[in-house]
Protein chains: 2
Amino acid sequence: MRRSSAETKAVILAAARERFAADGYDKATIRAIAADARIDPAMVMRYFGTKEKLFAAAAEFDLELPALAPDQAGAGLVRHFLRKWEADEGLQVLLRTGVTNEAAAERMRTIFAGQVMPLVVDLTGDPERAPVRASLIASQVLGLALSRYILKFPPMVAATEEELIAWLSPTVQRYLTE
Amino acid sequence: MRRSSAETKAVILAAARERFAADGYDKATIRAIAADARIDPAMVMRYFGTKEKLFAAAAEFDLELPALAPDQAGAGLVRHFLRKWEADEGLQVLLRTGVTNEAAAERMRTIFAGQVMPLVVDLTGDPERAPVRASLIASQVLGLALSRYILKFPPMVAATEEELIAWLSPTVQRYLTE
DNA sequence: GTAGGAAGTCAACAGTCGTTGGCCTACAAT
DNA sequence: ATTGTAGGCCAACGACTGTTGACTTCCTAC
């Protein structure tokens with residue numbers, strides 16, 4: 001088949017995101033990604049140069065944290081993260097990969113420091129303890145994703161969005177305000 | 001050098017635990033493990049048959065959850081898990097591996113269902129909601145380990161054991177009792 | 001209509017991996 | 001002194017990986 005350069009690049013990127021999210025960095029083969037995109041592996045190299053650069057492109061994403069009223073920030077954050085995890089493969093890519101790949105771990109730290117922490121500073125007006133608060137929130141939100149989407153603990157998978165929000169909101173709210 | 005069969009097996013197993021904990025399943029090469037143990041890769045195969053069996057032996061471990069008074073279970077659990085993470089490499093092996101290896105994920109689910117859930121049933125006397133409670137506790141404890149030992153978020157690494165216990169205990173306690 | 005470049009294919013490279021089988025070597029029992 | 005055996009080493013296998021370069025095919029601009 002014959003496609004435009006931009007189209008092909010997009011198709012490869014979509015396939016790469018899926019594979020990285022499902023299998024992690026090492027198991028997501030360039031050959032497998034190329035097969036998903038119905039394309040020769042050499043095309044992946046032509047368009048992205050190297051596997052690492054392809055990964056960097058696939059792992060690019062924005063948390064898009066919304067502005068929140070301080071007294072409802074707990075519930076708002078939990079809801080927002082739950083939807084992000086299900087809608088955007090970027091987060092699963094990073095979580096699956098950050099555990100065994102230092103570059104991906106560094107990117108998670110950057111996203112945390114650049115997006116979560118500023119929001120917490122803004123919500124609490126307490127720059128000194130904001131880093132601890134933010135990392136506690138991250139620990140609970142990441143733990144949720146880990147047990148629900150990666151390890152698939154049955155009770156976590158079975159729970160509805162509303163149930164999880166009800167359980168986790170007070171935790172996040174307390175990490176913000178106590 | 002010349003060792004007894006049991007000695008060599010133990011040396012290999014120790015090296016394997018370190019490598020699996022540090023690198024995860026795929027990056028922990030049999031050749032690298034053998035080099036750490038100052039031994040030929042063929043010996044690993046002779047003693048453990050296959051890489052998967054070696055991993056199964058290296059990932060064997062017991063949470064050793066203590067009996068706890070219900071009103072102090074939150075603090076007790078957090079303290080116990082924090083020390084387990086630092087003392088026993090088995091947990092890091094499973095966490096690093098369970099994210100990209102389905103067999104290891106299955107083992108984490110088994111440990112969760114066989115060790116954490118019974119304790120929660122015992123503490124709460126509420127068999128119906130125990131699964132949700134237990135998995136919520138697991139999510140927070142795993143999130144703690146992930147952000148502190150794997151992703152190494154700076155504020156989490158810098159926090160002392162007592163600070164973390166103070167922050168997380170109310171969360172776990174609430175997941176148990178509310 | 002033809003030249004040029006872009007899209008795509010193919011085969012091979014060098015390296016690494018788990019795994020295997022044959023070989024060597026030290027030691028204990030005879 | 002000889003033999004049996006168990007611990008250990010070496011070299012190689014087949015499979016798979018990221019990556020490369022030459023080749024073909026098609027569309028477009030002149």
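Both backbone and side-chain heavy atoms feed into the values below; hydrogens, waters and symmetry mates do not. A note on names: the letters A, B, ... follow the listed sequences, proteins ahead of strands, and every chain is numbered from 1.
Within the 4.5 Å cutoff, no side-chain heavy atoms of Q140(A) are placed close to those of V78(A). A 4.5 Å side-chain heavy-atom check between L65(B) and F81(B) finds at least one atom pair inside the cut-off.
Remark: the backbone N or O of P70(B) is paired with a side-chain donor or acceptor of Q173(B) at under 3.5 angstrom. No side-chain donor-acceptor contact under 3.5 Å links K152(B) to the backbone of A105(A). Without hydrogens or angle criteria, K84(A) side chain to L91(A) main chain gives no donor-acceptor distance under 3.5 Å.
OP1 or OP2 of dG7(D) has at least one side-chain nitrogen or oxygen of S5(B) nearer than 4.0 Å. Under 4.0 angstrom from either OP1 or OP2 of dG8(D) there lies at least one side-chain N or O belonging to T8(B).
As a whole-Å value, the separation of K9(B) NZ from dG8(D) C1' is 17 Å. For I33(B) and dC17(C), the CD1 to C1' distance is 12 Å, given to the nearest whole Å. Across the protein-nucleic acid pair, R38(A) atom CZ and dT9(C) atom P stand 12 Å apart, rounded to whole Å. Summarising the geometry, the separation between CE on M43(B) and C1' on dT19(C) is reported as 15 Å, rounded to the nearest angstrom. In this structure, L54(A) atom CG and dT17(D) atom P are separated by 15 Å, rounded to whole Å. When the P atom of dT16(C) is taken as reference, atom CG of D26(B) falls 17 Å away, rounded to whole Å. Remark: P of dA7(C) and CD1 of I12(A) are 11 Å apart, rounded to the nearest angstrom.
Each of Y25(A) and I39(B) has a nearest nucleotide on DNA chain D; the 5'-most of these lies closest to I39(B).
Classified by interplanar angle (parallel below 30°, tilted 30° to 60°, perpendicular above 60°), the ring pair W167(A)/Y175(B) is perpendicular.
The hydrophobic cluster containing L54(B) does not contain V11(B), counting ILVMFWY residues as joined when their side-chain heavy atoms lie under 4.5 angstrom apart, directly or transitively.
Using a 4.0 Å heavy-atom cutoff across all strands shown, F48(B) reaches no nucleic acid atom at all.
Comparing atom distances between the T29(B) side chain and each of dC9(D), dC17(C), dG8(C) picks out dC17(C) as nearest.
Atom CD of E86(B) sits in a crowded spot, with more than 12 heavy atoms from other residues, nucleotides or ligands closer than 6.0 Å.
For the helix from dG1(C)-dC30(D) to dT30(C)-dA1(D), the rotation axes defined at the first and last 5 base pairs enclose an angle of 10°, given to the nearest 10°.
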For every nucleotide of nucleotides 19-30 of chain D, 5' to 3': is a protein heavy atom under 4.0 Å from its base (B), only from its sugar-phosphate (S), or from neither (-)? BBB---BB----

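E163(A) pairs by the salt bridge (charged side-chain N to carboxylate O under 4.0 Å, His left out) definition with nothing, not counting sequence neighbours.
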